[in-house]
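Every number for a ligand or one of its atoms is a count from 1 in the order of the listing. The figures here come from the full heavy-atom set of this structure, side chains too, leaving out hydrogens, waters and symmetry mates.
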Amino acid sequence: MARRSFQQLFSNTKPETIDLVSSVMHRFSEDIASEFYDAMLESKESEVYLKHALVERNLSVSFARWAATLFCVVTDFDSEKLEQGHKKIGQIHARIGIPMRLVDYGMQVVKDFCFRVFLEHTKEQEKVPGAIIYINNLLDTALSTINESYLEVTISNERNSQLLRLKMASADLNVECERVRSDLLVWSRDILSHILSGSKDSYIEISNISQTNFGLWFNHKAVFYFSDCDEFSKIQNLLVELNTICQNYKMLTSGCDDADFIDFLRVFNSTVNEISWLLSQIIEKNTRENQSKDPLTNLLSRRYLDGILKREVEISIKQAQKFAVLLIDLDNFKGINDSYGHSAGDMVLRDVAALIQQCTRATDFNIRYGGEEILIVLTNISELQVRNRAEHIRETIASHAFVDGASRQISVTTSIGVAIHDGHPDYQRTIDIADEKLYAAKRGGKNKVEL
Ligand SMILES: Nc1nc2c(ncn2[C@@H]2O[C@H](COP(=O)(O)OP(=O)(O)OP(=O)(O)O)[C@@H](O)[C@H]2O)c(=O)[nH]1
């Protein structure tokens, strides 16, 4: 069933009920915030999200603002804004990783408090039932809007982290495929040497491909990984053929002449080679489909940013290590595209990315953030080191000789906005600060670092 929207709630509620609730509740927004935090801070589970002084200060102000906005509905109230505001809250909760049950509990506290306050302060007793139902529905709509967007973000992040896990597994999978491919080739060599040595008994033992490492792997494991790709069913058919070829040869062995042997050799070899080639196609496909890198710059793709920064925030809170975000934007890049062409622009982006890789440590993350924007996460770093590193990157790029296909020199500079994580559980704050600094660097004349 679809969630009730604020718009539906307001149009299905008598205006006088909305007015009555607003007139009573608007005075209590700060009390609602205190009641909420008092209850939440008592809970051990919420401590980790709320103990930071910055969060406490910011949150109680914005919580009171939230309550005031929710209850102060005016006639031309913009319910769409309310809808968007609650979705944003859900997104922030998902980014911070606040468990949904904690939010549900918090809303229950708010609800109980609001009912009590309303009953104590209203004089219009006959309107109480309608008003209580409205308060209940209003808070339920707020909660379901928050939870819906929370789930949207969480599911999409989960999908990406599953992808990342798959990708990690995919590297192992390729190694595994290569291993069984070489098992197949070793097996085919053994078959031929047995035939040539005339040892019939052992030929019977080893000639069944389905009992080899390769055959067992294919039937038990490959079916899970690749059964949806064309190559899989082709290999399946070829394995049946290969078995028949080996069986036929076995029957022939007593009266086998050279022509039969050569014929067998030809078909046997080409079938084994075909299987081996199909397997390499599968490996290539698997590698291509699971690329975690941006194809142009070879930097990490942006979809991993959430997972990386969540982990960094966790480390920073638990181990008191600071991390920094550098937002790097190429200056006047449109001009470079216009003057030297798009492929020269691509080349510049690629070279800038390569220079950045050289200027950062193996423990840092270099991510293609947007078209001509690169985001770097510098892990475990002090303020002085961050400034030096950012300056080093800026200078390295500014002094590099970029040359296009027609040997024309291209002057390239970058502006860099830097933010050091301040302990806030929502990493988006750090990105937003880096973004503000980046714009300050642009406004300040470009080719600059702002921290
Ligand atoms: N060649 C190339 N160009 C890109 C790519 N991604 C984005 N761009 C271009 O980057 C340009 C960015 O232009 P603007 O946002 O105006 O910024 P700018 O010219 O760098 O100006 P400032 O940021 O103010 O210094 C646009 O023209 C985009 O088309 C890419 O992958 N390759």
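- Residues passing the salt bridge (charged side-chain N to carboxylate O under 4.0 Å, His left out) test with D140, sequence neighbours excluded: K111.
- Among residue pairs with one or both ends in residues 372-384, those qualifying as side-chain hydrogen bond (donor to acceptor under 3.5 Å, both in side chains) are S382-Q385; sequence neighbours excluded.
- Residues N447 and S415 have side chains not in contact (no heavy-atom distance under 4.5 Å, counting atoms from C-beta outward).
- At a threshold of 4.5 Å between non-hydrogen side-chain atoms, the residues I397 and I356 count as touching.
- Around ligand 1, the residues contributing at least one heavy atom under 4.0 Å from the ligand are L296, D329, L330, D331, N332, F333, K334, N337, H342, G345, D346, L349, R368, G371, E372, K442, K446.
- Within the structure, every pair that satisfies the salt bridge (Lys or Arg N to Asp or Glu O under 4.0 Å) test and touches residues 398-412, not counting sequence neighbours, is listed here: D404-R408.
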Side chain to side chain donor-acceptor pair (under 3.5 Å) evaluation trace for E241 with N237:
CA-CA 6 Å; E241 270 178 43; N237 294 337; over 6 Å; no
